[in-house]
2 protein chains.
Amino acid sequence: MGTTSKALTLLDYFTRTRPQIGLSELARLSGANKATCYRLMTELVEHGLAEQVAATKEYRIGPAVLRLAALREATVPTREAALPLLQALAVATGETAHMSHLVAGNLVTLAFAYPATHGMRVMMEDADRLPFHATSSGHAILGWLPGDTVDRILQVPFDTAPDLVPLMPAEVRNRIAVARAIGWAATANTFEADVSSFAVPLFDAQGQVQGALAVAAAGPRLTDATRAAIPRQLIASAREIMALWGGLVPAELSALWRKTETQTEKVQG
Amino acid sequence: MGTTSKALTLLDYFTRTRPQIGLSELARLSGANKATCYRLMTELVEHGLAEQVAATKEYRIGPAVLRLAALREATVPTREAALPLLQALAVATGETAHMSHLVAGNLVTLAFAYPATHGMRVMMEDADRLPFHATSSGHAILGWLPGDTVDRILQVPFDTAPDLVPLMPAEVRNRIAVARAIGWAATANTFEADVSSFAVPLFDAQGQVQGALAVAAAGPRLTDATRAAIPRQLIASAREIMALWGGLVPAELSALWRKTETQTEKVQG
DNA sequence: ACCATCGGTTCATATAATAAACCAACGGGA
DNA sequence: TCCCGTTGGTTTATTATATGAACCGATGGT
């Protein structure tokens, strides 16, 4: 592995639940030598990708990423373009809508929107990695990825929240196949209790899967009518988002979506 | 220089005016060998910090920075906290307000706000580097930086827009000294024609300069009254922003600011 | 048909990364 | 007060990795 990769890998240990990490702890987490870790972090700090908290000497993500993110959005306005449509989707469905992206083999939440109408909503946080195996977004995406990529992703060890029944690998494979066959994915109680989730894949201009658009619904208030309506609303929003991006829906998927759109009833467990 | 630094340096060549760069051009710009450049960019792409446009093979900033930026804001909500105050400042002054940060020796615009009241406004773009020598923000900041750091920054070659009279180094030094002495900086026609700019420095919890808060006013409509009012409004906003951050205004500067705040008239060329 | 340029690759060489051992400083606990 | 574990940081010989000139096939103009 290249030295640069090692340095960049260190950034992956910073998460929402662990935003600041000391030198020794980072070395322990990454398995790298402490001296190596120190040198790499020093270089990241020099470039503003990390910064050191003066009081505790702990490291955290640096301010340079703000400049890079602004530049990214100026170059490819993914998030900015999708946000209003995400908000519209949240209002239309009355549930939480979110968009996640495939970045470096991870599924990352990039944007989300809440409906204004309900007091109870499924809460989201961006910048967090979603598990492929337990989310509808993961299933929706994996159906459109090459087999070996899917294998590589699924062989990453995963854990399910203690209050949930974990999905067996065979079951995950099956759900991916179903998602591919019908053009959208649905899960219930796989990532969070009492949350039903629906997702469709999103594609770039080359017809490559880029991410997923999803609706996360609070289980108790889900009626059969809304279970049927959400996929259609998802598909409509996905089409709009990709129109903005210049994204290309594969012909096969477009046909599946048309089928769902013209159906009056469609329920999936 | 470490390999990681070389890789990260490559990211600096991507700007708003040059958002996508091909391999050969990037090698030419950076002075690195083409093979080296290729390998480094490949590693950056693997981690999502860069991405390659399929059609042209050009590189651009990748989607991973969005996750990092969201994580940064979740850890240190610099931008999010300052934005409403920035908007208030823009409305109060009737001019464009912006906040820039010191990151890795560069002055980067992180946020800005326009007033709703005027048709004509000074336009801003974030993610762009500002020249220290020709902006009030630069002058305001440099007054509170150690001498050797100032020297290092000022010896970077700079160019002024062709329609403007460039500031001589001695003049820049003088303006920095003035800014330090009165607690705020002002420039006119140094960065853009017919734009007057006012700025105050911003500090972190350790009392270190972090950036600057500024107002950029369209020259023609500047009256003596507003020239006097803007610094006071800047100071008030800066105090609010630092209160939110937990920033610490050096006692010396706080005294200077109080002086400006209690004055009824104050005009600087 | 030609030439320049593009992105990408190869491989001997040289340089930079590595890890164990070592500091000094700090913070409990006994 | 002493001890012990832990912290961030540094040094060093050893080793692995980065480097760059030359090369490749493809592409686009002239």
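Computed from a prediction, not measured in an experiment: that's the story for all the values here. Residue numbers start from 1 in every chain, and the chains themselves are labelled A, B, ... in the order their sequence lines are given, proteins ahead of strands.
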Between [atom2] of [N] and [atom1] of [X], the distance in whole Å:
X	N	atom1	atom2	answer
A:Glu58	D:dG8	CD	P	8 Å
A:Ile21	D:dT6	CD1	C1'	18 Å
B:Arg39	D:dG20	CZ	C1'	10 Å
A:Glu25	D:dT6	CD	P	13 Å
A:Leu26	D:dG8	CG	P	10 Å
B:Tyr38	D:dA18	OH	C1'	16 Å

Is B:Thr3 near enough to D:dT17 that one of its side-chain N or O atoms lies under 4.0 angstrom from OP1 or OP2? no

Map A:Ser24 and A:Lys6 onto DNA chain D by nearest heavy atom, then report which one ends up closer to the 5' terminus. A:Ser24

DNA chain D nearest-nucleotide lookup for A:Gly22 and B:Gly2: closer to the 5′ end is A:Gly22

Run through A:Val150, A:Val156, A:Thr149 and flag the one making a side-chain contact (heavy atoms from CB on, under 4.5 Å) with A:Ile153. A:Thr149

Partner of B:His101 under side-chain contact (heavy atoms from CB on, under 4.5 Å), picked from B:Val209, B:Asn106, B:Leu107, B:Thr78, is B:Thr78

Does a side chain donor of either [X] or [Y] reach within less than 3.5 Å of an acceptor in the other side chain?
X	Y	answer
A:Ser137	A:Thr135	no
A:Arg39	B:Thr4	no
A:Arg129	A:Thr109	no

May I ask you to decide whether A:Glu51 forms a salt bridge with B:Arg72, counting only side-chain N to carboxylate O separations under 4.0 Å? yes

Decide, yes or no, whether a salt bridge links B:Glu43 with A:Lys6 under the criterion of side-chain N to carboxylate O below 4.0 Å. no

Should the heavy atoms of other residues, nucleotides or ligands under 6.0 Å from CD of A:Gln206 be counted, would the total exceed 12? yes

Would A:Glu252 and A:Arg180 satisfy salt bridge (Lys or Arg N to Asp or Glu O under 4.0 Å), going step by step from the backbone distance to the final call? CA-CA 10 Å; A:Glu252 184 189 343; A:Arg180 165 86 195 206; 2.6 Å; yes

Any chance you could list the contact pattern along nucleotides 21-30 of chain D? Use B for base contacts, S for sugar-phosphate-only contacts and - for none, protein heavy atoms under 4.0 Å, 5' to 3'. B---------

Contact boundaries on DNA chain C for chain A, cut-off under 4.0 Å to non-hydrogen atoms: C:dA17 to C:dA20

